[in-house]
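See below for the structure under consideration.
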Amino acid sequence: MVDKSKIAQQFIKALPHSAALGMEFISLEDGTAGLAMDYDERFIGDPETKVISGGAVSALLDTCCGAAVLTHPKAPARTATMDLRIDYMRGAEPGQRISAFAEVYHMTRSVAFVRARAFDDDMENPVATATGAFTMEHK
Amino acid sequence: MSRPRPEPVQVVKQRRDAVLKALVSNIPYYSFMGFQFDRRGDEVTAIMPYNDSLIGNPMLPALHGGASAAFLEATALIVLSWSTLWEDMESGALSLDELEEGKLPRLPKTIDFSVDYLRTGLPRDSYARATLNRSGRRYASVFVEAWQDQRSRPYVQATGHFLMPQRQDSA
């Protein structure tokens, strides 16, 4: 039996930028992915409020969307972000871990359409949401 | 007929560089990412020097899309803040001493950010410039693009909307 979570953590370690931001998988299943990132003072974007930079949240959402594409039953050999739109609903609460959840809601031979949401401890109100189109690169 | 004597060049440069530095150096994430900001007159060029930790796909290798998005957002935010500070900075209404003590003007907040990945980000330095589509009292729309080797071949571009900080004197 293959240990999925071990593969997932190795996948992240193989992505230097995701590893640098300390991302860890929560879940990986058939076109969906859950990915989390701990609060880190080095990621602060607003020194006055200590809120994490939107850029770090973008990186989390982008990685999460890409991972969802790769776990899809019809996954391509490789994928790359074509476009990604992020809506920032509110600042993430300082000190809290940020969790992102992505799903592929439609896939063609050429394109994967993905959406994702990111939360802090308050799982009712997203910190940010994303929608994107990803390339399908077949071997 | 006489106009006031222009300020000495070093005074002008020192003031502008100090304001830009104060704006940027207090943001931990920008230091973490290694972002730099180069100024020529009022034009700001952001630089993301290459670093192995910016890689997203080690096989190609290619820059992480998230790193590029973060770079564009930082550029948009700094250029937008910088442009709103320009007038107060040049008129002397902005106190340099206060800025250097860390009393910074509030930053705009990102409402949304839409990134268009045009080409693979290569493992080398990136540069970005932003232009303001509209900069209003409450909202702003900013276009930003980044390139690597050739200015005419951007590898990623974005449009973002921002909520402007409310000025203290209007409260």
Side-chain angles (χ1 to χ4, degrees), chain A residues 11-23 35 37 40-67 70 77-91 100 127-135 137, chain B residues 23-33 35 48 51-77 102-121 123 156-163 165:
Chain A
F11 173 75
I12 278 296
K13 285 209 183 99
L15 303 178
H17 190 59
S18 303
L21 293 172
M23 295 181 198
L35 189 63
M37 179 175 76
D40 190 318
E41 289 189 344
R42 293 174 303 165
F43 307 160
I44 290 172
D46 186 336
E48 203 163 307
T49 59
K50 310 274 186 230
V51 168
I52 292 276
S53 169
V57 179
S58 299
L60 180 72
L61 284 163
D62 182 60
T63 311
C64 194
C65 288
L70 295 174
R78 279 195 316 275
T79 186
T81 320
M82 214 182 312
D83 82 66
L84 191 71
R85 175 193 160 108
I86 307 207
D87 292 329
Y88 297 93
M89 274 74 188
R90 61 184 179 90
V127 164
T129 63
T131 50
F134 285 71
T135 63
E137 292 161 38
Chain B
L23 200 58
V24 170
S25 63
N26 276 291
I27 304 176
Y29 183 65
Y30 294 0
S31 315
F32 174 77
M33 295 293 289
F35 297 158
M48 177 166 72
N51 183 303
D52 287 343
S53 73
L54 298 175
I55 289 292
N57 184 335
M59 305 296 283
L60 292 174
L63 292 182
H64 194 292
S68 302
F71 177 50
L72 292 181
E73 201 204 337
T75 307
L77 207 55
K103 282 185 194 158
L104 287 161
R106 298 299 305 269
L107 289 166
K109 286 199 174 89
T110 314
I111 299 169
D112 61 53
F113 205 67
S114 189
V115 187
D116 187 4
Y117 294 90
L118 306 170
R119 292 181 177 85
T120 300
V156 63
Q157 64 183 30
T159 302
H161 294 92
F162 297 85
L163 185 63

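Keep in mind that what you see is a predicted model, and the values were worked out from it rather than measured.
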Side-chain contact, heavy-atom cut-off 4.5 Å: [X] with [Y]?
| X | Y | answer |
| --- | --- | --- |
| B:Phe32 | A:Leu21 | yes |
| B:Pro28 | A:Glu41 | no |
| A:Arg78 | B:Asn57 | yes |
| A:His17 | B:Leu63 | no |

Q.
Under the rule for side chain to side chain contact (heavy atoms under 4.5 Å, CB included), what residues qualify as partners of A:Arg90, not counting sequence neighbours?
A. A:Asp120, A:Asp122, A:Asn125, A:Val127
Q: Can you sort out the partners of B:Ser25 under side chain to side chain contact (heavy atoms under 4.5 Å, CB included), two or more places apart, ordered by chain and number?
A: B:Lys21
Contact leader toward chain B among [options], where contacts are heavy-atom pairs under 4.5 Å:
| options | value |
| --- | --- |
| A:Ala133, A:Gly91, A:Ala59 | A:Ala59 |
| A:Asp83, A:Asp87, A:Leu15, A:Ile44 | A:Ile44 |
| A:Ser58, A:Gly45, A:Ala19 | A:Gly45 |
| A:Pro47, A:Gly66, A:Ala130, A:Ser18 | A:Pro47 |

Report the distance from atom [atom1] of [X] to atom [atom2] of [Y], rounding to the nearest 0.5 Å.
| X | Y | atom1 | atom2 | answer |
| --- | --- | --- | --- | --- |
| A:Asp46 | B:Lys109 | CG | NZ | 7.0 Å |
| A:Leu84 | B:Ser114 | CG | OG | 8.0 Å |
| A:Glu48 | B:Ile27 | CD | CD1 | 11.5 Å |

Might you point out which heavy atoms bring [X] and [Y] nearest each other, and give the distance in Å?
| X | Y | value |
| --- | --- | --- |
| B:Tyr29 | A:Ser53 | CD2-OG, 3.2 Å |
| A:Ala14 | B:Pro58 | O-CG, 2.6 Å |
| B:Glu73 | A:Gly54 | OE1-C, 3.2 Å |
| B:Tyr117 | A:Thr81 | CB-O, 3.1 Å |

Q) Above 12 or not: heavy atoms from other molecules or residues under 6.0 Å from CD of A:Glu137? A) yes
Is it the backbone or the side chain of [X] that comes under 4.5 Å from a heavy atom of chain A, or both, or neither?
| X | result |
| --- | --- |
| B:Asp116 | both |
| B:Met33 | side chain |
| B:Ile111 | backbone |
| B:Ala69 | side chain |

Q. Given that the side chain runs from C-beta out, which part of A:Ala20 has a heavy atom under 4.5 Å from chain B: side chain, backbone, both or neither?
A. both
Q: Could you look at A:Thr49 and say if it's the side chain, the backbone, both or neither that has a heavy atom under 4.5 Å from chain B?
A: side chain
